[in-house]
Novice: 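Following this message is one structure expressed as C-alpha cells.
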Amino acid sequence: MSAGTLSLRCIVLSRQQGAGAFERLSLLDAEEGLVSAMRRLSAKEKGAVPDLFDLASVQLSSGKSGGYFVSEYVPERRFGGIGRCYGALASASTWAGLLLANAPSMDEAAGLFDLSLKALDAWDSCPLPNLVLLKALYSFARLEGLPAKEEWLAAMPAQERALVEGLISKPLAEHGLHERADAEGAIH
C-alpha cells in the first residue's frame, strides 16, 4: 500500500446518491472496519458496478479533502439470491443497517466481517431468513461481549427458552437451511 491509497477486501453495505456525479459507498473491511468512499458515476461505466452486499476487492485513493475515492472495484462474489427473496433482502438490509449504526464504535472488525460473510452466504440461499437474522444478531451480541445468554435467554419462559436455545445452538445446516454450510463455516 502506497501513501494515499488503501486496498480493501470488503462488503458493500450501502450505496447512496452523493453530490453531483458521485455515489457514496459504505464498505466493511476486516482490518479497517467501516470505510466510506465516493465513486464517480459515469454514463460509460468501465468495469463492474458495485451492488449491495457484494464481496469485493477495492482500491481507494485519498482525495485532497482527506476522503476516499474508489479507483478500482472488482467484485469477488455477488450474493444474487438475496435480491430474489424478499425475506432475505429485508433481513440482510436490517443487518446492514445495524452494522452502519454500530460498526464505527466497534473494535472487532474482523469478527464482524466474518460473521457478515457467513450471514450473507446463508441469506443467499433464502430459506428462513428470519432465523439467519436471529442467529446473526445473537452471534453479534456474543462477539461484542453482551450477556445475551445470561440475561436475554434467562428471562424467557422455559418453553420459549428451550425453543430459542435449540434454534441458536444448531448450525444452519442442521436446520436444513443451507446445503453448503458445514459445522466449521456455519453461524453458531
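Everything quoted here is computed from the prediction, not taken from an experiment.
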Novice: Can you tell me which residue pairs pass the disulfide bond (SG atoms under 2.5 Å apart) test with a partner in residues 47-122, sequence neighbours excluded?
Specialist: C85-C126

Novice: Given 3.5 Å as the limit, does a donor-acceptor pair link the side chain of K118 with the main chain of A136, or not?
Specialist: no

Novice: Within this structure, what is the CD-CZ distance for the pair E23 and R39, rounded to the nearest 0.5 Å?
Specialist: 4.5 Å

Novice: Scan for salt bridge (charged side-chain N to carboxylate O under 4.0 Å, His left out) pairs involving residues 48-60, sequence neighbours excluded, and state none if there are none.
Specialist: D54-R78

Novice: As an exercise, state the distance from CD of E32 to CG of L6, rounded to the nearest 0.5 Å.
Specialist: 5.0 Å

Novice: Running the 4.5 Å side-chain criterion over Ile, Leu, Val, Met, Phe, Trp and Tyr, what cluster does M38 land in, apart from itself?
Specialist: F22, F69

Novice: Any idea how F140 and W95 line up, ring-wise: parallel (<30°), tilted (30 to 60°), or perpendicular (>60°)?
Specialist: perpendicular

Novice: Could I get the full list of side-chain contact (heavy atoms from CB on, under 4.5 Å) partners for L143, not counting sequence neighbours?
Specialist: E108, L112

Novice: Each residue besides Y86 in its hydrophobic cluster should be listed here, by chain and number; the cluster joins Ile, Leu, Val, Met, Phe, Trp and Tyr at side-chain heavy-atom distances under 4.5 Å.
Specialist: none

Novice: Applying side chain to side chain donor-acceptor pair (under 3.5 Å), name anything that partners E144, two or more places apart in sequence or on another chain.
Specialist: none

Novice: Out of curiosity, L133 CG to Y138 OH, how far, rounded to the nearest 0.5 Å?
Specialist: 15.0 Å

Novice: Within a strict 4.5 Å, meaning less than it, do heavy atoms of the M156 and L163 side chains meet?
Specialist: no

Novice: I'd like to check the side-chain contact (heavy atoms from CB on, under 4.5 Å) partners of L89; sequence neighbours left out, ordered by chain and number.
Specialist: F53, I82, S93

Novice: Just to verify, what does A141 make a side-chain contact (heavy atoms from CB on, under 4.5 Å) with, not counting sequence neighbours?
Specialist: L146, A148

Novice: Test of understanding: clusters of I, L, V, M, F, W, Y form through side-chain heavy atoms closer than 4.5 Å, transitively. Do L128 and L167 belong to the same one?
Specialist: yes

Novice: With rounding to the nearest 0.5 angstrom, report the CG to CG distance, D29 to L27.
Specialist: 8.5 Å

Novice: Should we count CZ of R15 as having more than 12 external heavy atoms under 6.0 Å?
Specialist: yes

Novice: Donor-acceptor pair, distance only, cut-off 3.5 Å: does the side chain of K135 make one with the backbone of A119?
Specialist: no

Novice: Can you tell me how far the CG atom of D114 sits from the OG atom of S139, to the nearest 0.5 Å?
Specialist: 12.0 Å

Novice: Do L120 and R77 touch side chain to side chain, with heavy atoms closer than 4.5 Å?
Specialist: no

Novice: Give the minimum heavy-atom separation between S91 and P129, together with the two atoms involved.
Specialist: OG-O, 3.5 Å

Novice: With S57, which residues qualify under side chain to side chain donor-acceptor pair (under 3.5 Å), at least two apart?
Specialist: E76

Novice: How about L99 and F113: do any of their side-chain heavy atoms sit closer than 4.5 Å?
Specialist: no

Novice: Does the side-chain contact (heavy atoms from CB on, under 4.5 Å) test come out yes or no for Y68 and L8, once each step is laid out?
Specialist: CA-CA 12 Å; Y68 286 112; L8 304 177; over 6 Å; no

Novice: Show every disulfide bond (SG atoms under 2.5 Å apart) that has at least one partner inside residues 6-41, sequence neighbours left out.
Specialist: none

Novice: If the condition is side chain to side chain donor-acceptor pair (under 3.5 Å), which residues does S71 pass it with, not counting sequence neighbours?
Specialist: none

Novice: Just to verify, what does R161 make a salt bridge (charged side-chain N to carboxylate O under 4.0 Å, His left out) with, not counting sequence neighbours?
Specialist: none

Novice: Looking at CG of L34 and CG of L100, how far apart are the two atoms once the value is rounded to the nearest 0.5 Å?
Specialist: 6.0 Å

